[in-house]
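Data block below; observations after.
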Amino acid sequence: MQKVIELLVAEGLVDPDDLNRVQNEVAQTRQPLMEALTTQRIVNDDMLAHATAVMLNIPYVNLRNVEMPQSTLSLLPLEVAARIMAVPLGEANGQLAVAMLDTGNIQSIDYLATYTGKSIRTMMSSGEGVQSVLRQYRGDFSGVTQAVKATNREIAMAQTSSDIKTITQDSPISKALTSILEFAVKSKASDVHIEPLSNSLIIRCRIDGVLRRVMELPKSIEPALVSRIKILANLKIDEHRIPQDGQFAVLIAEKEVDLRIAISPVVWGEQVVIRLLDKSGTSMDIASMGMTGRALRTVLSGISQPNGMILTSGPTGSGKSTTLYALIKQIKSDKINIVTLEDPVEYKMEGVNQIQVNTDAGLTFASGLRSILRQDPDVVMVGEIRDSETANLAVQASLTGHLVFSTLHTNSAAGILPRLLDMGIEPFLLASTLNTVIGQRLVRRVTEKRTTYRSNNMQTEEIHDVLGGVLPKTQEEVASVSEDLGYGGLPLADAGSYTLVRGMDDPMTPGGYKGRAGLYEAIDVDEDIQKLIISHATAAEVMRLAREKGTITMRQDGMLKALSGITTMEEVDRVSSDLA
């Protein structure tokens, strides 16, 4: 290792002064020199691997930003590649080239040669480079293809419905389903759609809120695949006429993932939609989810009250429940009793008493809420207000000294108010119980690999229309306005054009996006808003007054995120074009 360090110094990659300083430090702390150099970022994984390869006279390949074709990855199965940290680079003349961490491991090389039946040519790469390639295996459906062939052979021999049941339990169809779910989990998909057509079966995944078609299977595999899912979810496999719902949990990539299953009869067979609830992938931190500035201050003020209602609204899949969990995490304490009523319990949280709705047993939102109020709660979360009975009980709970969290399906924060009035809530009760109403949508985040460009005339005009009254007017206002809104270094309102970002499209970040952020608007229900509620004002009138009081709308929040490089103008328009 000393020779490796000397080589890095000789090549000018490590400053001798930095090396001497670190050597003096480790003499006192007895920390390994290489560990100290890495921790202080004087050297990195790739530099060490490259220098080691030079010292050993072994070819080196940098894989950190390489996009490997699936045809190349298929030369070596993921489980083998991950176990010995060796990834395929290509094949020629019966020889397989692989990149490895430990090229001196003769036992691993012999194993690869025996497994593949080819001679092995080794090259060295860094750990981060090999991991980068391993992550690209997420689109490897070789297991599905093999399972389809094997299942088709067995189906051809099956003669009765009982034979089909045996196939679904014992055949390779289980591996096919596992491969599909592994792809979904590694892609961070929220839903998997299995959709029958007249002559095929389509698999689509909703990744970052957008459906993507990932593969097409032969029609013949549909009965076995659907039956396998029904068996796992404890559903009736011989029922094809009515919808069925179920759930089960799986362990994928060392993660426990809860699956909610919805099966419906359609024209060409049975459609299956699988909702994936990956507990490990959600931060549950309201600020990291995208809420900032005025909206964050409004919400934190609302949840600090001892009683009242905090309501979130938005379309299905807009992260309303996740926002409630984040707010509960914010206030969770040994000093208060938090009870939730959910359908289903999506994320299990320690220190919170969570109740699962069970309509078959008579446990509905309304009946469950009555029971909760006898459990001495300080904070009550109702997963969703679906009817007037639940709405009235939530209002009564807030009137009797409880802090109540819940969600509704409306287009905006202001839309919550007329929606509750339509449910029969008296205006004076609504005005006296509401603390804060929140509207939200989700946009895709731009990946770290990105380019910048200047806005065109149409985009500039749109920014002026939406943010003209929000952005700083003078250079002196930039710092204070940026801090107030929670976005650093905002441009001036009258700029001729604005700097925007666009992500680099690749297989790991389709469309140039990776992950999602929330667009939020939060309205503080003060005395002026209460007067509007009592007078049966429309959502537009409430929103107009809220904007006059400084509320940032979801569309404005989206534009600010686009100017800050979090998302793109196109993404903001996609999710908020119907908003003011």
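Only this structure's heavy atoms are used, side chains among them; waters, hydrogens and symmetry mates stay out.
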Taking E222 for the side chain and L201 for the main chain, is one N or O donor matched with an acceptor at less than 3.5 Å? no

With a 3.5 Å distance limit and no angle check, can you tell me whether T340 reaches the backbone of V352 through a side-chain donor-acceptor pair? no

Does the D484 side chain pair with the main chain of S480, one donor and one acceptor, at a distance under 3.5 Å? no

Over 12 foreign heavy atoms within 6.0 Å of CD, E483: no

Taking side-chain contact (heavy atoms from CB on, under 4.5 Å) as the test, write out the residues that go with P243, two or more places apart. S264, P265

Applying side-chain contact (heavy atoms from CB on, under 4.5 Å) to A326 and not counting sequence neighbours gives I286, M289

So, the side chain of R450 versus the backbone of G565: is there a donor-acceptor pair under 3.5 Å, distance only? yes

Taking all non-hydrogen atoms of both residues, which atom of C205 and which atom of A189 are closest, and how far apart? CB-CB, 4.0 Å

Hey, is D524 close enough to K549 for a salt bridge, meaning N to O under 4.0 Å? no

Side-chain heavy-atom pair R275, L277 within 4.5 angstrom cut-off: yes

Could you tell me whether the side chain of R441 and the main chain of N411 form a donor-acceptor pair under 3.5 Å? yes

Where I523 and A413 come nearest, the two heavy atoms and their spacing: CD1-CB, 4.0 Å

Under a 4.0 Å threshold between the charged nitrogen and the carboxylate oxygen, would R241 count as salt-bridged to E239? yes

Between E571 and R516 (salt bridge meaning N to carboxylate O under 4.0 Å), is one present in this structure? no

Is the number of heavy atoms from other residues, nucleotides or ligands within 6.0 Å of NZ (K236) greater than 12? no

Test salt bridge (Lys or Arg N to Asp or Glu O under 4.0 Å) applied to D465 - qualifying residues, sequence neighbours left out: none

Could you list the residues that satisfy side-chain contact (heavy atoms from CB on, under 4.5 Å) with T538, not counting sequence neighbours? A540, E541

E521 (side chain) donor-acceptor with T553 (main chain) under 3.5 angstrom: no

Walk me through whether T568 and R502 qualify under side chain to side chain donor-acceptor pair (under 3.5 Å). CA-CA 7 Å; T568 63; R502 183 181 292 120; over 6 Å; no

Output yes when a side-chain donor or acceptor of S187 lies under 3.5 Å from a complementary backbone atom of A184, and no otherwise. no

Side-chain touch R294/L485, heavy atoms, less than 4.5 angstrom: yes

When every non-hydrogen atom of G383 is compared with those of S406, the smallest separation belongs to C-OG, 4.3 Å

Measure the CD1-CD1 distance between I303 and I331 for me, rounded to the nearest 0.5 Å. 6.0 Å

Side chains of L259 and L181: does their closest heavy-atom pair fall under 4.5 Å? yes

Per the salt bridge (Lys or Arg N to Asp or Glu O under 4.0 Å) rule, what does the pair list look like for residues 399-413, sequence neighbours excluded? none

For Y325, all residues meeting side chain to side chain donor-acceptor pair (under 3.5 Å), sequence neighbours excluded: E342

Return the set of residues passing side-chain contact (heavy atoms from CB on, under 4.5 Å) with N307 (not counting sequence neighbours), or none when no residue passes. none

If we ignore hydrogens and angles and just use 3.5 Å, is the side chain of K332 paired with the main-chain N or O of E350 as donor and acceptor? yes

Grab the two heavy atoms, one from Y520 and one from D557, that are nearest each other, plus how far apart they are. N-OD2, 3.0 Å

Report yes if some heavy atom in the side chain of I529 is under 4.5 Å from a heavy atom in the side chain of D526; otherwise report no. yes

Contact check, side chains of Q556 and L579, non-hydrogen atoms, under 4.5 Å: no

Determine the minimum heavy-atom distance between A394 and L369, stating which atoms define it. N-CD2, 3.6 Å

Could I get the full list of ring pair (Phe, Tyr, Trp, His ring centres under 6.0 Å) partners for H464, not counting sequence neighbours? Y498

When you look at CZ of R206, are more than 12 heavy atoms from neighbouring residues, nucleotides or ligands closer to it than 6.0 Å? yes

What closest approach, in Å, do P491 and L471 show between heavy atoms, and which atom pair accounts for it? O-CB, 3.9 Å

Any D387 side-chain heavy atom under 4.5 Å of M423 side chain: no

Show me the donor-acceptor pairs within less than 3.5 Å that the side chains of residues 310-317 make with the rest of the protein, sequence neighbours left out.
| unit_1 | atom_1 | unit_2 | atom_2 | d |
| --- | --- | --- | --- | --- |
| S313 | OG | T410 | OG1 | 3.2 |
| S313 | OG | S412 | O | 3.0 |
| S313 | OG | I438 | O | 3.3 |

Please determine whether the number of non-hydrogen atoms from other residues, nucleotides or ligands lying under 6.0 Å from atom CD of E461 exceeds 12. no

Under 4.0 Å between a Lys/Arg side-chain N and an Asp/Glu carboxylate O for K230 and D238? no

Side-chain touch I336/L403, heavy atoms, less than 4.5 angstrom: no

Sequence neighbours excluded, the answer for salt bridge (Lys or Arg N to Asp or Glu O under 4.0 Å) partners of D573 is R555

T178: side chain to side chain donor-acceptor pair (under 3.5 Å) partners, not counting sequence neighbours: none

Test item: K514 side-chain N/O and E448 main-chain N/O as donor-acceptor pair under 3.5 Å: no

Could you tell me whether the side chain of T364 and the main chain of T359 form a donor-acceptor pair under 3.5 Å? no

Apply side chain to side chain donor-acceptor pair (under 3.5 Å) to E216 and list each qualifying residue two or more places apart in sequence or on a separate chain. S200, R213

Can you check whether K320 reaches L324 side chain to side chain, under 4.5 Å on heavy atoms? no

